[in-house]
Amino acid sequence: MSAAGQVQPKLIIHVGAGSSLKNKGEIEVVRQDLYKFIDVIYGKLLTGTAARTAVVLGCQLLEDDPRFNAGKGSVLQSDGQIRMSASLMDGATQRFSGVINVSRVQHPIDLANFLQGSADRVLSDYGSAELTRELQTPIFDPLIDVRLQEWEQERLFHFHKTMASVIAEKEPPVDPVDPHARRGTIGVVALDTQGQLAVGTSTGGKGLERIGRVSDSAMPAGNYATTDAAVSCTGIGEDIIDECLAARIVVRVTDGLSLQTTFERSFTEADRNNRDLGAIAIDKTGAIAWGKTSEVLLAAYHDGGQISDTLEVGPGTKTAVC
Ligand code: GLY
């Protein structure tokens, strides 16, 4: 709390979890991207922008970055189509909204934001398409060449992989049977100067999935907030749903566990269950946390003093609170 009675804002963002980035150049490119976004979003929080507004802005910026699997640059599903999912939760109102498997929009998070004020707050594909028409949202093709090439390569190999290999590479994976698939879902968690929390998560899904598959990113399992804590998850959606991870973390904090104990406990359980996932969080005291069972979590945060990241944290470290 500052002298003026305002809370020190906090911010953490992620762009996926999976296998480690081996190339130092790749790591630096992702780091520069994340720091640039953190600068913009944190700058807004410092000038009094509400957590929800800052989260929407953050998700828009990350959806626009073709390196990540959300908005522009989303992966293709088994039938060669892009279907994106996004959700937003305002901790102050404890209200969840989202869209599932929406196509041809630049910012799925904008639809989730619109739905915050609607009586019907989670829409699937048909309803989302109707909403984009109603809002006269310009048609946008999120396809980029790399993702199309990846899908075409998979087609040659008869789609033997169960998900796409995505994250921050500029080129498609050299080895088409690369077992180290990487997920580039994006997420933003913010605490504003009024002490309010919000979280947003956006994804192109796993890639190569069955038509109609529903991502955790548009469920409280993958994106959840109350006045106590806010959490965004990344990784394999089915694993996140099976752990009900975001909601599980928030409920534990609400029941009185510290964010540190909550993360240690939740990630020990997830590890024991062989899950492949990661999560980022902020609680109402301003504690920032991240956790992963995956080899790496691509996240960066502003703790009020400086920007740090998790890009080079190895598999040995599962959780941390800053
Ligand atoms: N976590 C993103 C997905 O599995 O769809």
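Owing to the predicted nature of the structure, the values given are computational and were not obtained by experimental measurement. Because only heavy atoms are used, hydrogens play no part in the values below, and waters and symmetry mates are left out as well, while side chains stay in. Whatever order the structure lists ligands and atoms in, that order sets their numbers, starting from 1.
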key: Cationic N near anionic O, under 4.0 Å, R213 to E238   = yes
message = Need the ligand 1 atom indices (1-based, order shown) with element for anything under 4.0 Å from a heavy-atom of T185.
response = 1 (N), 2 (C)
task = Using side chain to side chain donor-acceptor pair (under 3.5 Å) as the criterion, point out the one residue from Q81, R83, Q77 that pairs with D79.
result = R83
key: Pairs where residues 275-319 contributes a residue and the test ring pair (Phe, Tyr, Trp, His ring centres under 6.0 Å) is met, not counting sequence neighbours   = Y42-H302
inquiry  = Please list, in number order, the atoms of ligand 1 under 4.0 Å from a heavy atom of S215.
reply    = 2 (C), 3 (C), 5 (O)
query = Short list, please: which atoms of ligand 1 are under 4.0 Å from a heavy atom of D216?
reply = 1 (N), 2 (C), 3 (C), 4 (O), 5 (O)
task = Heavy-atom contacts with T203 under 4.0 Å: which atoms of ligand 1 show up? List them by number with element.
result = 2 (C)
request  = Within a distance under 4.0 Å of any heavy atom of G205, pick out the atoms of ligand 1 and give their elements.
outcome  = 5 (O)
query = Looking at D228 and K284, does any basic side-chain N land under 4.0 Å from a carboxylate oxygen?
reply = yes
key: Per-atom contacts of ligand 1 with K206, taking only distances under 4.0 Å to non-hydrogen atoms   = 4 (O), 5 (O)
inquiry  = According to salt bridge (Lys or Arg N to Asp or Glu O under 4.0 Å), who are the partners of R252, at least two apart in sequence or on a separate chain?
reply    = E269
message = So, 4.0 Å and heavy atoms of R213: is ligand 1 close enough to count as a contact?
response = yes
request  = State the CD1-CZ distance between I249 and F267, to the nearest 0.5 angstrom.
outcome  = 5.0 Å
key: Under 3.5 Å: N/O of G235 near N/O of ligand 1   = yes
